[in-house]
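Here the structure is laid out as structure tokens; the discussion comes afterwards.
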Number of protein chains: 2
Amino acid sequence: MQEIAREAGVNQALLHYYFRTKEHLAQAAFARAAAQLMPGVIAVLAGAARLEDKVAQIVALELDHLSRAPYLPGYIIGEVTHRPERARDLIAAMAGQRAEDIRPRIFGPLKADIDARVAAGTMRPIAPQSFMVNLMALCIFPFAARPMLMAMLGLDAGGFAQLIARRRDELPAFFLGALRP
Amino acid sequence: MQEIAREAGVNQALLHYYFRTKEHLAQAAFARAAAQLMPGVIAVLAGAARLEDKVAQIVALELDHLSRAPYLPGYIIGEVTHRPERARDLIAAMAGQRAEDIRPRIFGPLKADIDARVAAGTMRPIAPQSFMVNLMALCIFPFAARPMLMAMLGLDAGGFAQLIARRRDELPAFFLGALRP
DNA sequence: GTCTATATTTCGATAGAC
DNA sequence: GTCTATCGAAATATAGAC
């Protein structure tokens with residue numbers, strides 16, 4: 001709290017005035033962060049574009065956004081890991097206004113898209129959940145594991161940025177390539 | 001320290017006797033954990049099997065191991081994120097005895113494998129680093145983000161185990177499928 | 001609303017008996 | 001090696017002036 005107050009340019013008493021307890025402050029900070037973890041992703045998935053374009057849009061959107069907030073995934077993951085009660089806030093934050101109907105809103109259109117392509121013989125079958133998890137993994141993991149990857153691959157900040165820039169180009173083809181029949 | 005002592009069935013004084021400071025204990029715990037994050041992965045990659053078999057082996061090995069230690073990725077990621085100085089210990093732990101030559105030992109054979117297949121027209125080009133990052137992402141991310149995914153997908157522990165079991169079957173085909181020419 | 005000053009609690013480290 | 005008891009520091013919460 002001392003450190004936060006100092007960085008904010010105020011004192012602990014003022015933090016207490018606004019948030020009462022450290023836990024309240026942590027919750028408020030988490031809610032803010034969670035609200036921007038997948039900013040456009042859900043909107044894109046629930047939207048009307050072609051599936052191939054959705055993938056490209058999500059990759060670009062997510063990598064650009066996380067490049068500007070590289071600590072976000074690590075923070076969210078760490079917080080939800082250490083405090084399981086944050087899980088509720090997380091889905092609430094992602095869903096925005098409408099709280100509980102988030103899953104059908106995402107997976108309904110996604111499943112329809114996939115089914116149509118499978119029926120047309122232009123895509124191999126995949127569960128919508130797997131589709132989502134794999135896409136998130138490829139986009140988010142490098143940021144979540146950023147310091148680890150930098151150590152493993154011997155990269156500095158610039159090298160990591162280059163790695164992400166390359167992924168922006170490669171990932172859509174990689175991901176969609178995996179789903180070819 | 002109190003909590004750790006209680007779970008260990010001893011008291012704080014004994015922890016102090018063995019580890020002197022909290023930082024020493026944290027370091028020792030991290031070194032242990034880091035040593036088993038990618039137990040066989042490096043051995044497999046540096047080994048002599050066919051590339052397709054290496055992928056299948058790594059997926060099976062990693063998902064089985066992490067199923068038994070699901071908190072491991074979240075812990076490692078959190079620790080390295082909050083304390084960058086852990087990065088050194090991490091690569092040291094992964095490399096085992098031979099400390100600094102870990103990258104050529106992994107990426108040398110991997111690059112040769114990929115190049116041969118690209119030359120033969122049976123694989124589309126991919127940088128060894130991308131190969132590694134994508135494979136790690138697909139294997140490790142679901143565990144790192146476990147509580148998040150459980151909340152998003154509405155899974156309990158059993159449901160998550162099923163998700164992982166399905167990935168064991170799906171991932172090799174997904175990953176190798178992405179690399180078809 | 002914002003501050004200074006302080007009370008209260010928690011935690012890491014240590015002393016010393018056995 | 002393992003314990004009980006306690007010190008000292010740090011952090012969180014609170015009181016009260018402005």
Side-chain angles (χ1 to χ4, degrees), chain A residues 1-37 69-93 96-97 143-148 151, chain B residues 1-37 69-94 144-148 151:
Chain A
M1 298 295 279
Q2 287 168 356
E3 200 177 340
I4 291 169
R6 187 171 45 72
E7 282 221 20
V10 296
N11 55 45
Q12 304 107 290
L14 198 61
L15 289 186
H16 180 261
Y17 176 78
Y18 279 106
F19 297 101
R20 278 291 295 168
T21 67
K22 184 183 185 181
E23 170 58 23
H24 276 61
L25 171 54
Q27 220 171 306
F30 181 81
R32 271 212 187 189
Q36 53 165 322
L37 177 62
Y71 294 111
L72 196 59
Y75 166 66
I76 302 274
I77 285 174
E79 197 72 2
V80 183
T81 299
H82 290 314
R83 308 192 214 193
E85 71 268 21
R86 291 274 185 276
R88 281 205 67 79
D89 307 275
L90 181 65
I91 59 161
Q97 331 297 21
F143 293 96
R146 193 172 95 120
M148 194 175 97
Chain B
M1 298 296 277
Q2 288 167 357
E3 199 177 341
I4 292 168
R6 189 171 43 74
E7 282 221 20
V10 296
N11 53 45
Q12 300 110 292
L14 198 62
L15 290 186
H16 180 260
Y17 177 78
Y18 279 106
F19 296 100
R20 278 290 295 168
T21 67
K22 184 183 185 179
E23 171 59 23
H24 277 60
L25 171 53
Q27 220 171 305
F30 181 80
R32 271 212 186 187
Q36 53 165 322
L37 177 62
Y71 295 111
L72 195 59
Y75 166 65
I76 302 273
I77 286 174
E79 197 72 2
V80 183
T81 299
H82 290 314
R83 308 192 216 196
E85 72 268 21
R86 291 274 186 276
R88 279 206 68 79
D89 308 276
L90 181 64
I91 60 160
M94 289 187 351
R146 193 173 95 121
M148 195 176 96

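Residue numbers begin at 1 in each chain, while the letters A, B, ... track the order of the sequences.
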Between the side chain of Asp89(A) and the main-chain N/O of Ala92(A), is any donor-acceptor distance below 3.5 Å?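 No, because the side chain of Asp89(A) does not come within donor-acceptor range (under 3.5 Å) of the backbone of Ala92(A).
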What's the shortest heavy-atom distance between Ala26(A) and Tyr75(A), and which atoms?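 Looking at all heavy atoms of both residues, the shortest contact is O-OH, 4.1 Å.
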For a quick test of reading the model, state the closest non-hydrogen atom pair linking Ala31(A) to Ala93(A) and the distance between them.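 Shortest heavy-atom separation between Ala31(A) and Ala93(A) comes out as O-CB, 4.0 Å.
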Arg20(B) side chain N/O closer than 4.0 Å to the phosphate oxygens (OP1, OP2) of dG12(C)?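 Indeed not, no polar side-chain atom of Arg20(B) lies that close.
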Does dT14(D) have OP1 or OP2 under 4.0 Å away from a side-chain N or O of His16(A)?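 Result: yes.
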Rounded distance (Å) that lies between atom [atom2] of [N] and atom [atom1] of [X]:
{"X": "Asn11(B)", "N": "dT14(C)", "atom1": "CG", "atom2": "C1'", "value": "12 Å"}
{"X": "Lys22(A)", "N": "dT12(D)", "atom1": "NZ", "atom2": "P", "value": "4 Å"}
{"X": "Leu14(A)", "N": "dA15(D)", "atom1": "CG", "atom2": "C1'", "value": "15 Å"}
{"X": "Leu15(B)", "N": "dC11(C)", "atom1": "CG", "atom2": "C1'", "value": "13 Å"}
{"X": "Tyr17(A)", "N": "dA13(D)", "atom1": "OH", "atom2": "P", "value": "17 Å"}
{"X": "Tyr18(A)", "N": "dC3(C)", "atom1": "OH", "atom2": "C1'", "value": "13 Å"}
{"X": "Leu25(A)", "N": "dA11(D)", "atom1": "CG", "atom2": "P", "value": "15 Å"}
{"X": "Gln2(B)", "N": "dC3(D)", "atom1": "CD", "atom2": "C1'", "value": "16 Å"}

Of Gln12(A) and Ala13(B), the one whose closest nucleotide on DNA chain D sits nearer the 5' end is Ala13(B)
Quick one: do Glu3(B) and Lys22(B) satisfy salt bridge (Lys or Arg N to Asp or Glu O under 4.0 Å)? Show the steps, please. CA-CA 12 Å; Glu3(B) 199 177 341; Lys22(B) 184 183 185 179; over 6 Å; no
